[in-house]
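Here's the structure we're looking at; comments come further down.
Along the sequence shown, residues carry numbers from 1.
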Amino acid sequence: MVMDEGDTTLDVSAALAEMLAFLTLRPDGEDPDRWVGEAPDWFGGYLFGGLVIAQAIVAATRNPPAGRRFHSMHAYFLRPVVAGRAVDYHVRPLRDGRAFTTRRLEASQQGKPVLDMSCSFTADTDGYVYDVPGGRGIPSPEALEVEQGPGPWVAGYVGPTPPAADGTRESTHRMWFRVPAQLPDDEHLHTALLGFATDWTGIGGRPLHLEGDTQGMVSLDHAAWFHRPARADAWLFYDVQSLVNAGGRGLLRGVMRDLEGRVVISVAQEMRLTPVDAL
């Protein structure tokens, strides 16, 4: 099944309205660097890390530097974000250089820090263009069964690559995804939505146990680089690779490509891992 804007088989309109409302922050008084976001309960008792990343990107881009776009971020998850309680965001300028603007964002809930993020803005320029080729034999999104994903997203899951003789896998989570509705031409909105998607790694960080759910997997830190402007309502392919599980933690990296195979976003994430049999 291929889904387009006129397909009502999977109705995401209500979920999209909820997501856009979630990404609408209100000023905190008259300080242009302070914002408040709501943490609704429609995603469960605690917010998924991607939701926190998305809302933080919105806060960081409410007053963006002129002519520059959000191109990289590195965040630490400090505490779980509890549903039903407001989240306060404070954006502080660190450096305004000739080519790059660096800012720091601190998010707190009821006075306790929940996220610390540094981010950078720049303007794209002409220069070398190079992309490492992606995997071969990947089916197009039109060839896959489209399923409802989290919130307003839909996805065509390709699945992990087959295990090698030693049990390792080249990729642990692969999918095509998008929001199946026309979104506004707001580059910061698309960046925030795709920031959410960077944390949509499934069970890819636990390559020796890809069955079951994400229980026992807790994000510690999260980095993303937005190499090219991309739209959340266009098909993107997310390829996740688990690099190492050691010391009770795991590190994965991910690459998002557009339909032409160009790399648009890169991701790196460390998580705490609890063995399934210990849960």
Note to self: Starting from Leu193, can I reach Phe48 by hopping between I/L/V/M/F/W/Y residues whose side chains sit under 4.5 Å apart?
What the structure shows: yes
Notebook entry, point to check: Is the side chain of Asp258 donor-acceptor paired with the backbone N or O of Gly261 at a distance under 3.5 Å, no angle test?
Noted result: yes
Note to self: Can you classify the ring geometry of Tyr157 versus Trp200 as parallel (below 30°), tilted (30 to 60°) or perpendicular (above 60°)?
What the structure shows: perpendicular
Check: Taking C-beta and beyond as the side chain, do Pro180 and Asp233 meet within less than 4.5 Å on heavy atoms?
Finding: no
Check: Any sub-3.5 Å donor-acceptor pair from Thr24's side-chain atoms to Leu20's backbone N or O?
Finding: yes
Check: Does the cation-pi check pass for Arg103 over Phe121, that is, NZ or CZ under 6.0 Å from the six-membered ring centre and within 45° of its axis?
Finding: yes
Check: Can you check whether Thr172's main-chain N or O pairs, donor with acceptor, with Gln241's side chain at less than 3.5 Å?
Finding: no
Item checked: Pair Phe237 + Phe177: ring centers closer than 6.0 Å -> no
Notebook entry, point to check: So, Arg79 and Gln109: side-chain donor and acceptor under 3.5 Å apart, yes or no?
Noted result: no
Margin query: Under 6.0 Å between ring centres: does that hold for Tyr76 and His222?
Written below: no
Checklist line | Any donor-acceptor pair under 3.5 Å from His74 side chain to Ser118 backbone | finding: no
Note to self: Please determine whether a side-chain nitrogen of the Lys or Arg among Arg69 and Asp124 lies less than 4.0 Å from a carboxylate oxygen of the Asp or Glu.
What the structure shows: yes
Margin query: Looking at Asp126, I'd like to know if its CG atom is crowded, meaning that more than 12 non-hydrogen atoms belonging to other residues, nucleotides or ligands lie closer than 6.0 Å.
Written below: no
Next item on the list: May I ask you to test the Val158-Leu144 pair for a side-chain heavy-atom distance under 4.5 Å?
Entry: yes
Next item on the list: Would you indicate whether the side-chain heavy atoms of His190 and Leu183 approach each other to under 4.5 Å?
Entry: yes
Notebook entry, point to check: Does some side-chain heavy atom of Arg257 sit less than 4.5 Å from a side-chain heavy atom of Ile265?
Noted result: no
Checklist line | Side chains of Thr161 and Arg169, donor plus acceptor under 3.5 Å | finding: no
